[in-house]
Every structure is written in C-alpha cells, then in structure tokens.
**Student:** 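One structure is given below, represented as structure tokens, and several questions about it will come after.
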Protein chains: 2
Amino acid sequence: MCTFVDMSPKSSASLKGGTNPKISEATVSRLPAYFRALSQLADAQQIRVSSEELAALTGVSSAMLRKDLSHLGSYGTRGVGYDVEFLRYQISREMGLNHDWSVVIVGVGNLGRALAHYGGFGSRGFRVVALVDADQTLIGTKVKCGAEGKTVELLVHALSDLEEVIKETNARLGVVATPEQSAQAVCDRLVKAGIRSVLNFAPVYLTVPEGVDVRKVDLASELQILAFHEQRKAV
Amino acid sequence: MCTFVDMSPKSSASLKGGTNPKISEATVSRLPAYFRALSQLADAQQIRVSSEELAALTGVSSAMLRKDLSHLGSYGTRGVGYDVEFLRYQISREMGLNHDWSVVIVGVGNLGRALAHYGGFGSRGFRVVALVDADQTLIGTKVKCGAEGKTVELLVHALSDLEEVIKETNARLGVVATPEQSAQAVCDRLVKAGIRSVLNFAPVYLTVPEGVDVRKVDLASELQILAFHEQRKAV
DNA sequence: GACGATTTGTGCTTTTTTGCACAAATGTGT
DNA sequence: ACACATTTGTGCAAAAAAGCACAAATCGTC
Ligand SMILES: NC(=O)c1ccc[n+]([C@@H]2O[C@H](COP(=O)([O-])OP(=O)(O)OC[C@H]3O[C@@H](n4cnc5c(N)ncnc54)[C@H](O)[C@@H]3O)[C@@H](O)[C@H]2O)c1
Ligand SMILES: NC(=O)c1ccc[n+]([C@@H]2O[C@H](COP(=O)([O-])OP(=O)(O)OC[C@H]3O[C@@H](n4cnc5c(N)ncnc54)[C@H](O)[C@@H]3O)[C@@H](O)[C@H]2O)c1
C-alpha cells in the first residue's frame, strides 16, 4: 500500500489535486492501462518513465497520453518525464484504487467460476467477497477464490440471500454472470440491494435506474467485430 | 442458415448492397448488439421491428440506430419499420457471419476453459476448433467444447504444434488466454502462423505487424472504470 | 385517390475525441 | 551564468461521433 505525502507544490494549491470535476470518458477508459503499465515498471524497479515510453507500452500516442495525464494534474517534470511510483499512486488515488473494492459475483458457472479463481484482481484493487447462484446443487458448495498466495474458499450463497450477503460483505460492485434470461432480474435485485455499479457478461442490454452504471462485456461481439474486419481483408 | 434472395431494388443497384467502403468503427462496434437483438426477436417470431423498439433493446438512441443501419443500405420501410429476418440477414452478411468462423484458443486455464465450454458462440457464428497449451499435464487431455446440443471433445495440443494445428483446422481467429508473460510470444506465433485477428485477454498491449487486428478484453480495467465512477458518486 | 398517422433516411449542428506543433520548463555541461 | 538538449503541458485544428429535426416515403382509411 502506497503512503505518499503529496509534496507537489501544484497539487495542494490547484484544483486538479483533488477530485477533478471533469475527466473525459475516453480518458477514464485508458487510465487502467496506464496504471497497469506503471505497476509493471515499478515491479521492474524503474524509477522514471517518459510519455513516449509509457505510450508505447499501452498502445496510445504520446500526445494523447500526456493530455490524459494532464487532466489529473501536472505530475511530470519537463525534460525528465514522470516518476513511476508517484504517477502510479496519483492514478490509483484518482480512480479510487487506494482501497480494495468488494465484488459480488452472481452466477457461478463457467465464467463466474473462472472469474472467482482468477488471481489477478487482487493486485488491481478488487476482492471477490461473495458468490451467489440459483442452482440448488451449487448452493452451499465451496469455491476456491484467488490465486497462489492468497486463496480463500468462498461459500456459494442462495439467490434468496442476495440482499443479506451484500449487506454483510459490503459489496459495492456486482458482476452478472448468469444466463441471459435471468440477467435483467438479477440486475434488478442487485440494484434494489444497493449496488450501483454492475459488470454484465450476459449478452443483453440491462435497463437500470439513473445513477446506476452498467458496463457490458460481450465476448461474442468482440469476435464478431474481428470477423468483420477479417472479412474486409480478404477483399 | 438463411438463404435470402436480395429483392430490394436499391441494393442491387446501389453500391451499398455490396461491401461498403466505409462503415465507421463506432457503428461496427454496435452491429453485434443489433444482430443479437434481432436474433432474439426472430426466435420470438416477431416479423417487424421499429428503430425505436430495436434501439430500446440495445441501449442506443433510435436516431443513432437508424444512421448505423443506413450505412449498410436502405433496408427499412418508412412508416413500417424493418423486417426482422431480412435485417438480421443483412447484418450477418455485412459482418461475415453467414459462414462460421474457426477459432483457436491458446491457453486452456480458467478462462480458456470457460470460453471452450461456452455454448453461446455457436449461435453467433463461431466454432472453437482447436485448443493449445504449454502445460505438459494438459496436453493430450480432452476438453468438452460447446453446450447442450452440440458438444464436441477437443484435444489440447502442444504449443509446438501451433502452426500445424492452425493449418489443419483452418482457424482464422486466435484467442490469447495465457498469462501476461507469454501473451506477446504467443501472439507473435499466431501471427507467424497466418492469424490476422486476435482477441487478447491478457492485460498487456500486444504489438503486431500492420494488417493484424488485436482486440483486448481487460476485465480488471472494466471493474476499475466502474470503481472510478462509483467513487465519484460518493462525493 | 386524397389524407392523416407513422416511421425511415439524412442534412446539419453540436459535442467529443484525436492529432499537431510548439512554447515553457527542467537538467546538463561548459 | 548561459547555451543546449530534452520532454512536458497545452492551444488550436482536424476528425469522428452523437444528436436534432424534418422531408420523404409508406400504410390504412375514408
Ligand atoms: N463462458 C463464457 O466463456 C462466456 C462467453 C461469453 C458470454 N458468456 C455469458 O456469460 C454468462 C454466463 O456464462 P456461463 O458460461 O458461465 O454459463 P453457465 O450456464 O455455465 O453458468 C450460469 C450460472 O448461472 C446460474 N444461474 C442461472 N440463473 C440464475 C439466477 N437467476 N440467479 C443466479 N444464478 C443463476 C446457473 O446456476 C449457472 O451456475 C452467460 O450469459 C453467457 O452468455 C459466457
Ligand atoms: N480468469 C479470469 O477470470 C481472468 C480475468 C481477467 C484476465 N484474465 C487473464 O486471462 C489470462 C488467462 O487467465 P487464466 O485465469 O485462465 O490463467 P490460468 O493460469 O488459469 O491459465 C493460463 C493457461 O495458459 C497456459 N500457458 C502458459 N504459458 C503458455 C504459453 N506460452 N503457451 C500456451 N499456453 C500457455 C498455462 O498452462 C495455463 O493453462 C491471463 O492473462 C489473465 O490475466 C483472466
């Protein structure tokens, strides 16, 4: 856990040091990639990084990278570059990754189980704290959660206990990994239980009240987009 | 399999009936959702659909939907709407989903296995035809592939057979589901073996030669983006 | 066959995103 | 102290995407 004291002269004075009023959606969607690359550089003991280098690592142009970062504040040094650890910390702070986020996964099938097993979430600020399913034969069973160092066994809870489980574990993020038929109903219950951020893997558009965010990951769509371009190449 | 005869007076004459020179990337990224919603409507025996209705099903504005579709051609009828089957067919044709696409998955771990087991790809134009891994204990084992109706058992091949497997199965799409450390090397080999469309699940930016498309699905990033907005809500 | 109710297709405007280019700031070496 | 090489931060231009508004086309009805 980082414990930086913010010694930048600007950030204490300027508005940008705090919670910035407007960071564009396009920028937000790229911050995680920067964060990840910086974590990698930090692991490799690299102290400084230029916009050119970080851009190459993340597949964006250096100008875009600089503009993205400038929205967070003026954390680079002209003629030098960015301090890896410091920038990493600033991004994590801006994105709320200082503390861990608790995640509840609904639907412990192929995908839900893969997500639960996955060890990579921990290092990026997330902890799976609860599993919920509707299948009687699954409820009550234990599922290994997380990778090597930090494996935990989590009990699969019944769908009927959803609200209670969310309250007890204080989960803020909900993952929908159920068949498409039940996705909307599951989402509704998550929202009713207080969840306002949902990651949806079911290939359906989820309707939610204002104030609730849904992000959809549709793997088949990704393949279809690739197929579209692939077809074009043949011509 | 659809066997539409294109009877629209426009599409035979206009350039838009064939392979359209320019469909914006934003439009392409939404076509799969339209396709999916239309398939659902077709399953439910619905004959016609308005732009308003289809837009609601996919979470876009009706104006945007109409503009997207207009890029494919003029397939609606004013005052009436769109013919569900016909429109579905036109989108599938435009995206190259008439025929199935063969997919090779490299990395048969948590995620690779979940993808292989998943039955939903078949109905959306894809068939997993090969599994490849580097783990000696996995190579030679069989993995159930696809869901209910159409399960196939696929042998896990050795990484060293990658090129051969791709040639034999005629795979056009490659999925990278290996740890991040090996992702770039695996991608390089896929490209060398002739693959020009890659779906990458490893949280790293993959460098590829021109002419090769990579799409990255980074689940942790999605959660981080949600977390960012969630944090904002608290303030 | 004209009329009103619909609903598409699209020109135009506004907003968002990306890209370019360079002044401003920093470090270095003499 | 000053010239010089580097690299950031940003104003401005270009491009892409989204949104608006309405004319054009179609259907059902009288
Ligand atoms: N597995 C993949 O690779 C993959 C790929 C793309 C999309 N998806 C989508 O992800 C979702 C899950 O896929 P999967 O392969 O894990 O399916 P799955 O059938 O293996 O698992 C679904 C799980 O959800 C549970 N479930 C069903 N209804 C429920 C409800 N109302 N409440 C709680 N749990 C319920 C089931 O008991 C089951 O355990 C599906 O919507 C699928 O379309 C999966
Ligand atoms: N499981 C998830 O939910 C999840 C979520 C987000 C991201 N990811 C990413 O997806 C990738 C796979 O995740 P996972 O959980 O399935 O990991 P995993 O460790 O369970 O599986 C990885 C598989 O790749 C194989 N492998 C390793 N090196 C290889 C090589 N050079 N060639 C071929 N195969 C090789 C391993 O033998 C193993 O079977 C990782 O990059 C991970 O970061 C996974």
Side-chain angles (χ1 to χ4, degrees), chain A residues 7-11 13-17 20-31 33-34 38 41 46-84 86-87 90-91 225, chain B residues 7-11 13-17 20-31 33-34 38 41 46-84 86-87 90-91 225:
Chain A
M7 62 295 215
S8 144
K10 281 188 188 167
S11 57
S14 108
L15 292 167
K16 293 191 173 179
N20 198 300
K22 266 203 184 68
I23 297 182
S24 85
E25 202 50 42
T27 295
V28 172
S29 73
R30 285 186 293 264
L31 289 179
Y34 305 152
L38 287 166
L41 291 172
Q46 190 168 326
I47 304 297
R48 283 204 285 254
V49 67
S50 71
S51 65
E52 202 69 52
E53 187 181 1
L54 190 53
L57 281 171
T58 50
V60 303
S61 77
S62 65
M64 197 156 90
L65 171 73
R66 287 199 299 277
K67 191 166 281 183
D68 281 344
L69 294 183
S70 78
H71 291 135
L72 308 185
S74 200
Y75 297 132
T77 310
R78 298 181 183 203
V80 178
Y82 301 88
D83 180 292
V84 171
F86 184 63
L87 184 57
Q90 291 302 339
I91 293 180
I225 294 167
Chain B
M7 61 296 215
S8 146
K10 279 187 190 167
S11 55
S14 108
L15 292 167
K16 294 192 174 181
N20 199 300
K22 268 203 182 68
I23 298 182
S24 86
E25 202 50 42
T27 295
V28 171
S29 73
R30 286 186 293 263
L31 289 180
Y34 305 153
L38 287 166
L41 291 173
Q46 189 168 327
I47 305 298
R48 283 204 287 252
V49 66
S50 70
S51 64
E52 203 68 53
E53 188 181 1
L54 191 53
L57 282 172
T58 50
V60 304
S61 76
S62 66
M64 197 155 90
L65 172 74
R66 287 198 300 276
K67 190 167 282 182
D68 281 343
L69 294 183
S70 77
H71 292 135
L72 309 185
S74 199
Y75 298 132
T77 310
R78 298 181 184 205
V80 178
Y82 301 88
D83 181 293
V84 171
F86 184 63
L87 183 58
Q90 291 301 339
I91 293 180
I225 294 167

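Just so it is clear: chains get the letters A, B, ... in the order the sequence lines come, proteins before strands, and each one is counted from 1. Side chains are part of it too, since the values below use all heavy atoms of this structure and drop only hydrogens, waters and symmetry mates.
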**Student:** I need the CG-C1' distance between A:Leu65 and D:dT10, as an integer number of Å.
**Tutor:** 14 Å
**Student:** Do any side-chain nitrogens or oxygens of B:Ser74 fall under 4.0 Å of OP1 or OP2 in C:dG9?
**Tutor:** yes
**Student:** Hey, which of these two, A:Thr27 or A:Arg48, hits DNA chain C nearer its 5' end, going by closest nucleotide?
**Tutor:** A:Thr27
**Student:** A:His71 NE2 to D:dT8 P: how many Å, rounded?
**Tutor:** 16 Å
**Student:** Has the side chain of B:Arg66 got a donor or acceptor atom sitting under 3.5 Å from an opposite partner on the base of C:dG9?
**Tutor:** yes
**Student:** Evaluate the criterion side chain to side chain contact (heavy atoms under 4.5 Å, CB included) for residue pair A:Arg30 and A:Thr58; output intermediate values, then yes/no.
**Tutor:** CA-CA 9 Å; A:Arg30 285 186 293 264; A:Thr58 50; over 6 Å; no
**Student:** Can you find a heavy atom in the side chain of A:Leu69 that is under 4.5 Å from one in the side chain of A:Tyr34?
**Tutor:** yes
**Student:** Measure the distance from OH on A:Tyr82 to C1' on D:dT6 and round it to the nearest whole Å.
**Tutor:** 13 Å
**Student:** Please determine whether a side-chain nitrogen or oxygen atom of B:Thr77 lies at a distance below 4.0 Å from atom OP1 or OP2 of D:dT26.
**Tutor:** no
**Student:** Could you tell me the separation between the CD1 atom of B:Ile23 and the P atom of D:dA17, rounded to a whole number of Å?
**Tutor:** 12 Å
**Student:** Could you state the interatomic distance from OG (B:Ser51) to CE (B:Met64), rounded to the nearest 0.5 Å?
**Tutor:** 12.5 Å
**Student:** Would you give the length of the straight line joining atom CD of A:Gln90 to atom CG of A:Leu72, rounded to the nearest 0.5 angstrom?
**Tutor:** 8.0 Å
**Student:** With DNA chain C as reference, determine whether A:Val80 or A:Ala63 sits nearer its 5' end, using the nearest nucleotide of each.
**Tutor:** A:Ala63
**Student:** B:Asp68 CG to D:dA18 P: how many Å, rounded?
**Tutor:** 8 Å
**Student:** Please state how far atom NZ in A:Lys67 lies from atom P in D:dA14, giving the value in whole angstrom units.
**Tutor:** 14 Å
**Student:** Just call it for A:Arg30: base, sugar-phosphate, or nothing, with non-hydrogen atoms closer than 4.0 Å on any strand.
**Tutor:** sugar-phosphate
**Student:** Can you tell me how far C1' of D:dG11 sits from CE of A:Met64, to the nearest Å?
**Tutor:** 18 Å
**Student:** Run the numbers on B:Asp68 and B:Val60 for side chain to side chain contact (heavy atoms under 4.5 Å, CB included), then give the verdict.
**Tutor:** CA-CA 11 Å; B:Asp68 281 343; B:Val60 304; 5.8 Å; no
**Student:** With a 4.0 Å limit, can you tell me whether A:Ser51 has a side-chain N or O closer than that to the phosphate oxygens OP1/OP2 of D:dT8?
**Tutor:** yes
**Student:** As a test of reading the structure: which of D:dG19, D:dC27, D:dG9 is closest to the side chain of B:Ser61, going by heavy atoms?
**Tutor:** D:dG19
**Student:** Would you kindly give the CZ-to-P distance between A:Arg78 and C:dT28, to the nearest whole Å?
**Tutor:** 18 Å
